[in-house]
Amino acid sequence: MKPIIFLFYRDLRLLDNIALIRAVETGKPIIPVYIHDLSASSYLLEGSVSEWWLFNSLRELDKSLRKLNSKLILRRGNREKVLKNIIKATDAEAVYFSSRYCGFENTEDEVLSKSLDVPYRRFKGYLLSEPEKLRTKSGTAYKVFTPFYKAFLEAQEIAEIVPAPKMLVSPRNWPETEDIESWNSKTRNIDIYDGIGVFWSPGEIGALSRLEIFNDVVDNYNIDRDRPDLDGTSMLSVHLHFGEISPRTCWRRIQKPHQNEGRSAFLRELVWREFSYNLLCQYPDMETQPMQKLFLHFPWSEKTEPLELWKQGMTGYPLVDAGMRQLLKKGWMHNRVRMVTASFLIKHLLTDWRLGADWFRSRLIDADPASNTASWQWVAGCGADASPFFRIFNPITQGKRFDPKGNYIRNWVPELKNLPNKYIHEPWLAPESVLDKSDVFLGVSYPHPIVDHKFARQRALDVLAKIKR
DNA sequence: CCGAACTTTGG
DNA sequence: CAAAGTTCG
């Protein structure tokens with residue numbers, strides 16, 4: 001019997017994998033394949049942190065497949081060439097895969113479906129709703145979240161998940177595979193790799209247990225999610241990005257036992273993910289082009305030094321620096337702090353949002369072309385947002401509000417850890433005696449603010465007013 | 001075409 | 001409570 005090639009992309013899971021279960025249901029031998037095509041991964045930059053995740057996740061997937069009497073074939077190179085090569089070597093009769101969305105991936109899939117001699121079959125699963133499905137009453141795509149959200153809730157009944165396959169039939173002969181360990185050693189050039197494993201469990205098992213951990217605290221999600229000093233967020237973004245868990249699994253699990261504000265706040269966040277993909281499909285060049293054309297000629301600062309200080313977490317604003325250092329160490333940043341740090345780079349330093357988005361993409365394990373880009377544009381004020389003009393986050397008040405005891409600061413900016421709560425968010429106001437006693441030497445052990453908040457805020461408002469004219 | 005509404009706002 | 005333009009029904 002001719003085998004089917006199952007091509008894994010961003011669906012590195014067995015549970016609720018519709019494409020996989022359809023392939024298995026044919027009763028034919030299955031050849032699970034992952035092709036690492038560097039030219040194709042526009043949002044997985046070489047040496048990026050999410051590559052660390054990808055390789056670990058693939059190793060986990062291989063382990064799971066082996067329990068089903070199968071294994072994962074790993075190959076590198078041009079996806080089309082490698083795929084043709086495997087089809088020829090195995091005499092496969094079809095390729096099954098889970099749909100990817102937008103930009104490069106869609107065009108690639110179109111090319112593949114035409115150039116392969118066998119059917120190239122696409123299935124849903126990455127999103128809860130197909131991007132082209134939800135439209136406004138006038139037939140256009142949504143540009144504002146809330147109406148989109150309401151329409152989503154009315155239109156969608158989230159179906160039950162499909163089980164993982166019990167067994168995969170092996171082909172008579174397996175195609176060649178590569179050793180994942182040799183892929184790993186190639187990207188060890190980022191210092192963060194050394195410790196990052198303690199924070200995370202890549203793979204489907206890690207994803208499902210993460211969901212259970214979150215389920216224990218989700219009832220307070222509507223309040224705690226804003227607190228970077230607590231573990232109140234789901235931390236599921238990276239698992240969702242790689243498809244180690246389906247959004248449907250998350251939805252059904254969190255919605256199930258009872259409804260409350262915490263649970264619906266999380267479901268709403270899942271719809272934000274849908275909304276971001278909707279926008280990416282609407283604006284395929286969203287990663288480089290502002291959605292609002294007004295911003296095409298924004299006079300961004302040419303200075304590189306402030307950008308570097310921001311990247312290293314040396315701006316002199318404790319909350320900003322804590323966030324940027326959390327990103328460096330953990331490959332992840334709390335969402336509230338992502339907004340504050342992004343706003344600081346754009347509004348206080350007048351740096352092009354694309355440079356910030358690039359840095360996030362290269363350093364975030366959960367870097368996602370839709371969510372990352374849509375959010376940066378939202379903060380910059382050029383994205384899908386109805387009232388962006390005067391929103392300039394105050395890094396000091398944000399700190400006081402959302403990290404009231406300064407625990408988040410103390411954790412990620414240890415040189416400030418002895419400062420009393422009163423000054424932890426604005427060390428430059430502390431009297432000399434307090435600084436001395438806390439072993440803080442401004443300008444030496446911790447920087448002075450690289451820009452004055454009040455001045456920077458007014459400057460940003462002035463520039464924005466200017467381009468509006 | 002009109003009115004209501006707009007994720008996370010600042011002072 | 002201001003600020004202000006666009007989107008959606």
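Lettering of chains follows the sequences in order, A, B, ..., and the numbering in each one begins at 1. The model shown is predicted, which means the values in this text are computed figures rather than measured ones.
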Donor-acceptor pair between Arg410(A) and Asn421(A) side chains, under 3.5 angstrom: yes
Between Arg227(A) and Asp224(A), is the closest basic N to carboxylate O distance under 4.0 Å? no
Can you label the angle between the His334(A) ring and the Trp332(A) ring as parallel, tilted or perpendicular, going by 30° and 60°? perpendicular
Contact class for Arg401(A) vs. all strands (heavy atom < 4.0 Å): base, sugar-phosphate, or nothing? sugar-phosphate
For DNA chain B, just give me the dot-bracket, please: Watson-Crick or G-U, both distances below 3.5 Å, ( ) intra-strand, [ ] crossing earlier pairs, | paired with another strand, . unpaired. .|||||..||.
Phosphate-side-chain proximity, Arg457(A) and dG11(B), N/O vs OP1/OP2 below 4.0 Å: yes
Is there a donor-acceptor contact under 3.5 Å linking the side chains of His241(A) and Asp366(A)? no
Does Tyr142(A) put a side-chain nitrogen or oxygen below 4.0 Å from OP1 or OP2 of dG9(C)? yes
What residues from residues 316-323 of chain A pass a heavy-atom cutoff of under 4.0 Å to DNA chain B? none
Heavy atoms under 4.0 Å, any strand shown: does Gln458(A) hit a base, just sugar-phosphate, or nothing? nothing
Whole Å only: how far is the OH atom of Tyr149(A) from the P atom of dG9(C)? 16 Å
Does Arg336(A) reach a base, just sugar-phosphate, or nothing at all? Heavy atoms under 4.0 Å. base
I'd like to know if the side chain of Gln458(A) pairs up with that of Asp462(A) as donor and acceptor (distance under 3.5 Å, no hydrogens or angles considered). yes
Kindly say whether Asn407(A) contributes a backbone atom to a donor-acceptor pair with the side chain of Asp403(A) at under 3.5 angstrom? yes
Check this one for me: any side-chain N or O of Asn394(A) less than 4.0 Å away from OP1 or OP2 of dG11(B)? yes
